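Step one of this worksheet: look at the structure below.
For reference, positions follow the sequence shown, starting with 1. All values derive from a computational prediction rather than experimental measurement.
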Amino acid sequence: MTALGFLYPGHSAEDDYPRIEQLLGSDIRLDVVHTDIGTDAHRVDALLEMGSAERLAAGVEELRMSGAESVVWACTSGSFVHGWEGAHEQVRNLAVTAGMPASSTSFAFVHAAQEIGAGRVAVAATYPDDVAGLFAEFLRAGGVEVVQVRGAGIITAAEVGTWGEDEVFALAREADSPDAEAVLLPDTALHTATHIPALEKELGKPVLTANQVTVWEALRLTDRRVNAPAMGELFTREPIVQV
């Protein structure tokens with residue numbers, strides 16, 4: 001059994017994680033601890049506070065007690081808003097506090113894009129334009145070219161959590177570009193776990209979503225790889241026969 005730990009802000013699309021656990025179809029347990037979201041707003045000041053060291057540290061002990069082997073801060077905006085260097089400092093502090101390998105969803109997107117060989121991407125963000133632009137800057141700092149960005153202008157994670165398949169598909173289609181080798185949906189408050197294969201079929205290219213890459217990143221930190229086509233192309237790089 002491989003136990004993976006996630007610090008998830010508030011309550012929006014956390015039910016993606018038990019769905020993903022089922023879709024992985026392996027001896028993997030996903031343990032989610034909810035952190036204090038503070039002010040629910042896609043604003044820089046609120047996001048900086050949401051991802052503060054103190055708020056993340058508050059959830060670490062529960063993950064340690066669960067036997068987690070790695071921990072990922074399951075929040076994109078609450079990590080990239082700190083900038084490339086600040087986000088590194090954030091996960092360094094988390095790793096020291098937790099006593100285990102750590103990362104965040106923002107870095108998960110960079111690593112996942114590298115995994116599938118997507119050097120040019122389009123961003124389909126639920127965020128306001130200024131916050132979506134900060135994510136694009138973060139990706140560029142990680143060596144990923146961003147060819148198009150679309151922001152939906154939603155302020156709260158609570159509203160994002162109410163979106164269904166129609167809204168998700170519409171945003172992805174609007175953001176896509178012929179020049180993009182993959183489409184990225186960066187909000188962990190967005191339900192996407194059951195839509196990824198259909199999205200990829202619709203767009204004709206890989207799709208990376210926040211909760212999907214977060215789980216993949218936690219697996220990467222434990223040197224564990226899983227073949228799970230129901231989770232999209234990102235999860236098809238491992239041979240089907242597993243030990």
Side-chain angles (χ1 to χ4, degrees), residues 3-18 20 29-111 125-128 130-132 134-135 137-138 141-142 154-162 185-191 209-218 221:
L4 308 176
F6 304 93
L7 297 174
Y8 186 94
H11 298 267
S12 293
E14 69 272 17
D15 46 338
D16 263 6
Y17 289 84
I20 291 172
R29 190 179 78 240
L30 309 185
D31 296 321
V32 177
V33 170
H34 297 275
T35 64
D36 181 6
I37 197 171
T39 302
D40 182 9
H42 289 138
R43 290 195 328 262
V44 171
D45 61 332
L47 294 170
L48 288 170
E49 177 59 27
M50 186 193 305
S52 67
E54 295 75 18
R55 287 182 188 266
L56 299 190
V60 162
E61 183 60 26
E62 187 176 342
L63 285 180
R64 269 206 301 259
M65 295 296 290
S66 75
E69 298 169 44
S70 66
V71 56
V72 180
W73 167 224
C75 182
T76 325
S77 56
S79 45
F80 69 70
V81 74
H82 292 266
W84 185 255
E85 293 303 326
H88 273 94
E89 182 65 20
Q90 183 184 58
V91 297
R92 279 194 294 267
N93 288 338
L94 180 56
V96 170
T97 303
M100 66 184 81
S103 188
S104 69
T105 305
S106 292
F107 289 118
F109 271 109
V110 173
H111 297 150
T126 54
Y127 317 130
D130 61 331
V131 176
L134 292 176
F135 180 54
E137 289 179 17
F138 187 92
I154 297 180
I155 298 298
T156 68
E159 182 179 352
V160 174
T162 68
L185 286 79
D187 199 337
T188 58
L190 190 64
H191 289 93
T209 75
N211 293 321
Q212 169 213 36
V213 301
T214 297
V215 172
W216 179 85
E217 180 79 343
L221 291 174

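- Across all non-hydrogen atoms, the minimal contact from Q90 to G51 is NE2-O, 2.8 Å.
- Using a 4.5 Å heavy-atom threshold, the side chains of V44 and L134 count as touching.
- Proximity of a side-chain donor or acceptor of T214 to a complementary backbone N or O of A74 within less than 3.5 Å is not detected.
- Closest non-hydrogen pair, W84 versus G142, comes out as CH2-CA, 3.5 Å.
- Applying the salt bridge (Lys or Arg N to Asp or Glu O under 4.0 Å) test to D130 and every residue at least two apart in sequence or in another chain returns nothing.
- Counting only distance, with no hydrogens or angles, the side chain of T35 and the backbone of L56 share no donor-acceptor pair below 3.5 Å.
- From L30, atom CG reaches atom CD of E14 across 13.5 Å, with rounding to the nearest 0.5 Å.
- Using a 4.5 Å cut-off on side-chain heavy atoms (C-beta onward), V60 and V71 make no contact.
- A 4.5 Å side-chain heavy-atom check between T209 and L190 finds every atom pair outside the cut-off.
- In this structure a side-chain-to-backbone donor-acceptor pair under 3.5 Å is missing from E49 to T39.
- Contact between D36 and G38 at its shortest, heavy atoms only, is OD1-N, 2.9 Å.
- Here F109 pairs with F135 under the ring pair (Phe, Tyr, Trp, His ring centres under 6.0 Å) rule; sequence neighbours left out.
- S77 is not listed as a side-chain neighbour of D187, based on a closest heavy-atom distance of 4.5 Å or more.
- With hydrogens and angles disregarded, no donor-acceptor distance shorter than 3.5 Å links the side chain of R29 to the backbone of G67.
- When the side chain to side chain contact (heavy atoms under 4.5 Å, CB included) test is applied to E62, the partners found at least two apart in sequence or on another chain are V33.
- Pairs of residues two or more places apart, or lying in two chains, that qualify as ring-ring contact (aromatic ring centres under 6.0 Å, His included) and include a residue from residues 37-71 are H42-Y127.
- Looking only at distances, a side-chain donor or acceptor of S12 sits under 3.5 Å from a matching main-chain atom of A157.
- Between the side chain of T105 and the backbone N or O of C75, at least one donor-acceptor pair lies under 3.5 Å.
- At a threshold of 4.5 Å between non-hydrogen side-chain atoms, the residues F80 and V131 count as touching.
- Evaluation of the salt bridge (Lys or Arg N to Asp or Glu O under 4.0 Å) rule for E89 yields R92 as partners, not counting sequence neighbours.
- In terms of heavy atoms, L4 sits closest to A68 at C-CB, 4.2 Å.
- The NE2 atom of H11 lies 11.5 Å from the CG atom of D40; values are rounded to the nearest 0.5 Å.
- The minimum heavy-atom distance between L221 and A102, with the atom names listed, is CD1-C, 3.8 Å.
- E159 contributes atom CD, which lies 9.5 Å from atom OG1 of T126 (distance to the nearest 0.5 angstrom).
- Residue F107 is tested with W73, W216, F138 for a ring pair (Phe, Tyr, Trp, His ring centres under 6.0 Å); the sole match is F138.
- Looking at S106 and H82, their side chains never come closer than 4.5 Å, going by heavy atoms from C-beta outward.
- At least one donor-acceptor pair closer than 3.5 Å links the side chain of Y8 to the backbone N or O of A13.
- F6 has its side chain out of reach of T188: every pair of non-hydrogen atoms, C-beta onward, lies at least 4.5 Å apart.
- For the pair H191 and D15, the minimum side-chain heavy-atom distance is below 4.5 Å.
- Remark: H34 pairs with no residue by the side-chain hydrogen bond (donor to acceptor under 3.5 Å, both in side chains) rule, at least two apart or across chains.
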